[in-house]
Protein chains: 2
Amino acid sequence: MQNTKPSSKMFLDIVDELRLMIKAEGIKSGDKIPSERVLAERLQVGRSTVREALRSLELLGLIETRRGEGTFLADFKKHQLVEVLSTFVMQQPKAAMDVTDTRIIHEKAAIRTICEEAQKRNLPVWEGLIMKLDEDGEVFREDIIREMIVATDNRLSLKIWFILKRYSKVPYEQMTAGKENDLVRSLLKHLIEGDVIKAISAYDEWIEHIEGENEE
Amino acid sequence: MQNTKPSSKMFLDIVDELRLMIKAEGIKSGDKIPSERVLAERLQVGRSTVREALRSLELLGLIETRRGEGTFLADFKKHQLVEVLSTFVMQQPKAAMDVTDTRIIHEKAAIRTICEEAQKRNLPVWEGLIMKLDEDGEVFREDIIREMIVATDNRLSLKIWFILKRYSKVPYEQMTAGKENDLVRSLLKHLIEGDVIKAISAYDEWIEHIEGENEE
DNA sequence: ATAATCCGAGTGGTCTGACCACTTCTTTTA
DNA sequence: TAAAAGAAGTGGTCAGACCACTCGGATTAT
């Protein structure tokens, strides 16, 4: 009789069984867990199924396998095990806040990188942007940020940012004149000077300003 | 003739082959990739090995499997971010530096976030890690970082980090005693104190130490 | 008695072939 | 023509086998 369980994700069941087993037998981090063959026997499943479950756990860094020796627990906080698993396993609806936070992570990282590398600070594009702002020219918010991330020369970060930007609720369109214009100009100047703290600070103010404007 | 490849992680080889195959045949997100049997045949490995590789990719959200239908590249309508990561990771092996840089962006961002939020600084897990380090217990590098990103409660960032980590060349497994132990303990202490600058500085030293060790 | 060697049990890594459950498309049938 | 039956293909699982490796105990040599 073969199991061929219809309910998807047999590996979840195995992870669950493993958790109980670990708890019941007091297995601690670094300890050896039962061998694949024993697990298969105890859980009444095939060894290959056990292996697929273990492979998943290994990918998450929760266990470590050593050929000829065995499989070992590399985890110490069970509650966080559950936390991590739920993140990957459950198809949770995307949290808008996470998207925004992550987008800001990349934007700030770009600012920091530019401030810390002279040849990126001295790019003519910054002066160009400031000039545009001085003339009250048409400048889009996302242009500013995009130029920054492009300047960091990290294409992966740029790609991630593009995606996050699309999901973000933040209005990235045209900039408003007046205070926002000043804030961005200040940001760019600090950027050129390489003053990380002031640049980040100006960025924070900018974000705050945009959000405040958006709530009206 | 059995393969029984001694070298690490057949999984990576298969991802590599898969990448070439995807590029050569112009497979796009949402498209079907060759069946497990075909892949096994083409890559000259057993089907179970292919399955273990696919299971890993599935956990990362890079592919989607549907019984009776086949295996598909992650549908970008829902998981566009994952799609970008997957194509980037799978199609541009030269961009390893970008992957590392981006990973570090997320790690540093986690440190900053924790330092700036009291309830995240005061998590018992930090004390626990320090105790483990004091006892010279077995601690894995990636455990430290993972706990930090988990603590930020940004699942998206965590997911991105997991994927990036998987393809990073940085040795994330073993943790050496001595200087590295001190560095990490210092990092954790500054984290608890909420001293961003010192924490980041300790992190930088840590990274430097790991890279130096890796070049010998 | 001690140290070096050998060997076998145990373990993860992989392969093969088989069967099941499911989806899709084709063919047959009412 | 439309419904039903079938064939082919696919992921999911299982069982048994062999390989490469590690470790500890037994054997042997010193």
Side-chain angles (χ1 to χ4, degrees), chain A residues 1-18 21-22 25 27 30-74 89 91, chain B residues 1-18 21-22 25 27 30-75 138 173-174:
Chain A
M1 184 258 247
Q2 307 210 40
N3 264 357
T4 317
K5 204 164 181 186
S7 86
S8 55
K9 311 314 167 196
M10 166 77 88
F11 105 91
L12 272 186
D13 299 347
I14 297 185
V15 169
D16 225 49
E17 298 274 5
L18 259 174
M21 189 176 294
I22 287 169
E25 305 183 12
I27 300 177
D31 286 356
K32 192 163 166 297
I33 69 177
S35 74
E36 298 175 350
R37 290 170 177 83
V38 172
L39 283 176
E41 170 79 16
R42 281 214 236 169
L43 306 180
Q44 288 295 294
V45 296
R47 191 183 155 209
S48 54
T49 304
V50 169
R51 278 185 61 80
E52 291 188 9
L54 291 180
R55 177 63 94 237
S56 299
L57 291 180
E58 187 185 12
L59 189 75
L60 294 182
L62 302 183
I63 61 172
E64 183 187 355
T65 59
R66 295 200 282 270
R67 174 191 293 206
E69 296 182 59
T71 305
F72 303 83
L73 201 61
V89 171
Q91 297 293 350
Chain B
M1 188 259 278
Q2 307 209 40
N3 262 357
T4 316
K5 203 162 182 186
S7 80
S8 60
K9 305 313 165 197
M10 171 75 87
F11 154 82
L12 286 179
D13 296 350
I14 295 187
V15 171
D16 238 42
E17 299 277 0
L18 219 49
M21 192 175 293
I22 287 171
E25 304 182 14
I27 299 176
D31 286 356
K32 193 163 167 294
I33 68 177
S35 74
E36 297 176 351
R37 290 170 178 83
V38 172
L39 283 177
E41 169 80 16
R42 283 214 233 170
L43 305 180
Q44 288 294 294
V45 297
R47 190 181 155 211
S48 54
T49 303
V50 169
R51 278 187 60 79
E52 290 188 12
L54 291 181
R55 179 62 95 239
S56 299
L57 292 178
E58 186 183 13
L59 191 72
L60 291 181
L62 303 185
I63 61 172
E64 185 183 347
T65 58
R66 296 199 282 270
R67 173 190 290 200
E69 296 182 59
T71 305
F72 304 81
L73 272 193
D75 185 359
E138 212 175 58
E173 298 83 22
Q174 73 285 0

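Residue numbers begin at 1 in each chain, while the letters A, B, ... track the order of the sequences. In this text the structure is predicted, and so the values were computed from the model without any measurement.
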Rounded interatomic separation in angstrom, taking [atom1] from [X] and [atom2] from [N]:
X      : N       : atom1 : atom2 : value
E41(A) : dC14(D) : CD    : P     : 12 Å
R51(A) : dG12(D) : CZ    : C1'   : 16 Å
I63(A) : dG12(C) : CD1   : C1'   : 11 Å
L39(A) : dC14(D) : CG    : P     : 13 Å
F72(A) : dC21(D) : CZ    : C1'   : 13 Å
L57(A) : dG12(C) : CG    : C1'   : 15 Å
E36(A) : dG16(D) : CD    : P     : 16 Å
E64(B) : dT10(D) : CD    : C1'   : 15 Å

Distance (rounded to the nearest 0.5 Å) between [X] [atom1] and [Y] [atom2]:
X      : Y      : atom1 : atom2 : result
L43(B) : M21(B) : CG    : CE    : 4.5 Å
L18(B) : L73(B) : CG    : CG    : 7.5 Å
D31(B) : E25(B) : CG    : CD    : 10.5 Å
K32(A) : T71(A) : NZ    : OG1   : 7.5 Å

*Which is it for E58(B) and R55(B) under the salt bridge (Lys or Arg N to Asp or Glu O under 4.0 Å) test, yes or no, and what are the steps along the way?*
CA-CA 5 Å; E58(B) 186 183 13; R55(B) 179 62 95 239; 3.0 Å; yes

Please list, pair by pair, any protein nitrogen or oxygen found under 3.5 Å from a nitrogen or oxygen in nucleotides 22-26 of chain D.
unit_1, atom_1, unit_2, atom_2, d
dC23(D), OP1, E69(A), OE1, 3.4

For [N], take OP1 and OP2 only and decide whether either is under 4.0 Å from a side-chain N or O of [X].
X      : N       : result
K32(A) : dT11(C) : yes
T49(A) : dC14(D) : yes
R66(B) : dT23(C) : no
S48(B) : dT16(C) : no

_Donor-acceptor pair (no angle test) under 3.5 Å: R47(A) side chain, dG16(D) base_ = no

_base_contact_polar (dG11(D) base, R37(B) side chain, donor-acceptor, <3.5 Å)_ = yes

*Name the residue closer to the 5' end of DNA chain D, choosing between T71(B) and G46(A) according to the nucleotide with the nearest heavy atom.*
T71(B)

*With side chains defined as the heavy atoms from C-beta onward, is the minimum distance between I14(A) and T49(A) less than 4.5 Å?*
yes

*Minimum heavy-atom separation for G46(B) to A40(B), with atom names?*
C-CB, 3.9 Å

